[in-house]
J.: 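The following block contains the structure, expressed as structure tokens.
Remember, it's a predicted structure, so these values are computed and weren't measured experimentally. Just so you know, these numbers use all the heavy atoms, side chains as well, and skip hydrogens, waters and symmetry mates. Read the numbers this way: they start at 1 and go in the same order the structure lists the ligands and their atoms.
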Amino acid sequence: MIKFLFPDNFIWGSATSALQIEGASDADGRGPSVWDSFCREHPEKIYQQATPEIACDHYRKYAEDVALIKQFGHNGYRMSISWPRIFPSGQKDFNNAGADFYSRLFDFLLQNGIEPNVTLYHWDLPQYLADNGGWENPATIDAFVNYSQKCFELYADRVKLWSTINEPAWTTLNGYVTALHPPCRTDYKAAVQVATNFLVAHARAANCFHSMNKPGKIGIALNMSPVYPATSTPEDIAAAELADSIFNAWFSEILLKGKFPQKASELYHKAGIFPNISDSDMNLFENGNLLDFIGVNYYYPHYATSEAAETSFHLNTSGNRNESCMFSIEGLFRFVKNPTGIYTDWAWEIKPEVLYDLLTKIHSLAPGLPVYITENGIGKNETLTDGTVQDDDRIEFVQSHLEAIHKAISAGINVRGYYMWSLLDNFSWINGFKKRYGFFFVDRDTMMRFPKKSAHWYRNVAQNNGF
Ligand code: BG6
């Protein structure tokens, strides 16, 4: 008996990114990315000094991985293209061998009835561009559009769903505020400029795609963590509104409404860090038509208090339950734990009902806009027993979030697909390899893949188009 039946053609997929699974970091002319350099130069910043050099060896094992995707009933797959494989220095030096890899991969996915949803930028910035100012330098936006256009020319006959940038908010935050990811800086002015340059890069790439009249749709994958006030005091309500404006609305409102949100704009003007943006780029936002769909990456909500006496950042990278995450900006807001919340071992709250609220919010900003859940999942410390992992808590996690999505669809919200993070256990950035997210367990010594209990469960869900 199916209680939660999903619409016809709903996409049941999973997600990965190039750097986190491919390995083969210098094969076939690939250039270095900022993450390769960062892991080499700062091993102490990555849990157990892990590197993405081998990752899941997907570059060599892609046919095996596509076979698993097919065998386990997925009809969609979200992945990213590695920019330094296509242009090793990020700019004009096109690398045919790197481009061929994706050509073979797309052909193979389609032959197996799997629709690719392809992200152009999932944080692996070519090192050469980083050496020249990275995303602070407007030349990087030009290079991104050049790279995107090349990908559209090469693959748009086969790829029908494109996402420009993965999580501009999270990558800016960690690159330029918490200093946990490359380029490891704390510089609010640079942060606001980089966040905005990502949006301009999206707008110009989307415009380029539309002007090429290729079939297919283009969107972006935004990490959206709704911010609630920690208490009902006016101070905490204001703190939550400000944090939401900075982390969420800065990205969603400019793309969906053509305007930067008021609260963050006021703060940036007051602090003298409002970003430079040309009139022609501002026109792109105001003219709209920048999103054929929106990708939503949802993991957890935040709770903000105005009691922020210091500036301090910390992410749990150990999977030790007692280690909390910390985010506090002196005088503005601090995120606190939900005293009644249920948390993962990496201190991320599990709260599926927030996904329904979030989808309602997006619908109110852009009624009817197609939405894909481009990421949602749970990271765990897992070991293999008798060739599998009994990950009932992952099943519970995914099922409860799918119920929230089903509720949203029943309320008329146009959710078209779900990509569980992740297909495979992979390189979890500064968490190294301990934090496992996959439907498939990857043995780090042999690189063999083993389906977890959740992979079997998800196959049934996909086959029945519900549960
Ligand atoms: C998202 C990213 O932020 O969350 C993924 O798009 C990432 O690349 C996922 O792996 C989970 O985060 P983490 O840091 O636990 O791997």
J.: Quick one: nearest non-hydrogen protein atom to atom 16 (O) of ligand 1, plus distance?
T.: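 Nearest neighbour among protein heavy atoms for atom 16 (O) of ligand 1, to 0.1 Å: S428 OG, 2.6 Å.
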J.: Using the side-chain hydrogen bond (donor to acceptor under 3.5 Å, both in side chains) definition, which of the options D425, N431, N426 pairs with S428?
T.: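 Answer after filtering D425, N431, N426: N431.
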J.: Which ligand 1 atoms, with their elements, are less than 4.0 angstrom from a heavy-atom of W170?
T.: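 Ligand 1 atoms under the 4.0 Å threshold to W170: 3 (O).
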J.: Could you list which atoms of ligand 1 come closer than 4.0 Å to a heavy atom of H122?
T.: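 In order of number, 2 (C), 5 (C), 6 (O), 8 (O).
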J.: Does any N or O in the side chain of N248 come within less than 3.5 Å of the main-chain N or O of M224, such that one atom is a donor and the other an acceptor?
T.: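 No, N248 side chain to M224 backbone: no donor-acceptor pair under 3.5 Å.
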J.: Is W429 close to ligand 1, meaning an N/O of one under 3.5 Å from an N/O of the other?
T.: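 For ligand 1, there is an N or O atom that lies under 3.5 Å from one belonging to W429.
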J.: Tell me the protein heavy atom at minimum distance from atom 3 (O) of ligand 1, and give that distance in Å.
T.: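 Here the closest protein heavy atom is E167 OE1, 2.6 Å.
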J.: Heavy-atom distances under 4.0 Å decide this one: backbone, side chain, both or neither, for N166 against ligand 1?
T.: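 Within the 4.0 Å criterion, N166 contacts ligand 1 through side-chain atoms alone.
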J.: Considering non-hydrogen atoms of the protein only, which is the closest contact for atom 14 (O) of ligand 1, and what is the distance?
T.: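 Looking at atom 14 (O) of ligand 1, the protein heavy atom closest to it is N431 ND2, 3.2 Å.
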J.: Contact between ligand 1 and Y299 is defined here as a heavy atom of the residue under 4.0 Å from a ligand atom; is it met?
T.: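 Heavy atoms of Y299 do come under 4.0 Å of ligand 1.
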J.: Is ligand 1 under 4.0 Å from a heavy atom in the side chain of Y298, in the backbone, in both, or in neither?
T.: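 Contact part for Y298 vs ligand 1: neither.
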J.: Heavy atom to atom 12 (O) of ligand 1, shortest distance: which of W346, W123, W348, W421 holds it?
T.: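 Comparing heavy atoms across W346, W123, W348, W421, the nearest one to atom 12 (O) of ligand 1 lies in W348.
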J.: What residue and heavy atom of the protein are closest to atom 5 (C) of ligand 1, and at what distance?
T.: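 In this structure, atom 5 (C) of ligand 1 has E375 OE1, 3.5 Å as its nearest protein heavy atom.
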J.: Test side chain to side chain contact (heavy atoms under 4.5 Å, CB included) on K45 and C184 and set out the steps.
T.: CA-CA 10 Å; K45 296 202 181 205; C184 303; 4.1 Å; yes
J.: Can any side-chain N or O of R436 pair as donor or acceptor with the backbone N or O of V442 at less than 3.5 Å?
T.: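 Present.
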J.: Around atom 15 (O) of ligand 1, find the nearest protein heavy atom and jot down its residue, atom name and distance.
T.: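 Protein heavy atom with the smallest distance to atom 15 (O) of ligand 1: Y437 OH, 2.6 Å.
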J.: Is it the case that the side chains of Y77 and T16 hold a donor-acceptor pair, with the cut-off being a distance below 3.5 Å and no angle test?
T.: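 T16 vs Y77: donor-acceptor pair found between side chains.
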J.: Given the side-chain rings of F198 and H202, with only the six-membered ring counted for Trp, is the space between their centroids under 6.0 Å?
T.: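 No, the ring of F198 stays outside the 6.0 Å limit from the ring of H202, centre to centre.
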J.: Name the residue from Y299, Y419, W421 that meets the side-chain hydrogen bond (donor to acceptor under 3.5 Å, both in side chains) definition with E375.
T.: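 In the set Y299, Y419, W421, the residue that makes a side-chain hydrogen bond (donor to acceptor under 3.5 Å, both in side chains) with E375 is Y299.
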J.: Among all protein heavy atoms in this structure, tell me which lies nearest to atom 10 (O) of ligand 1, with the distance rounded to 0.1 Å.
T.: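 It is Q20 NE2, 2.9 Å.
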J.: Does any non-hydrogen side-chain atom of M79 lie less than 4.5 Å from one of V118?
T.: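 Yes, at least one pair of side-chain atoms sits under 4.5 Å.
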J.: Need the ligand 1 atom indices (1-based, order shown) with element for anything under 4.0 Å from a heavy-atom of K435.
T.: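 In order of numbering, the contacting atoms are 15 (O).
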J.: Does the distance from a Lys or Arg side-chain N to an Asp or Glu carboxylate O, for K380 and D393, drop under 4.0 Å?
T.: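 D393 and K380: salt-bridged.
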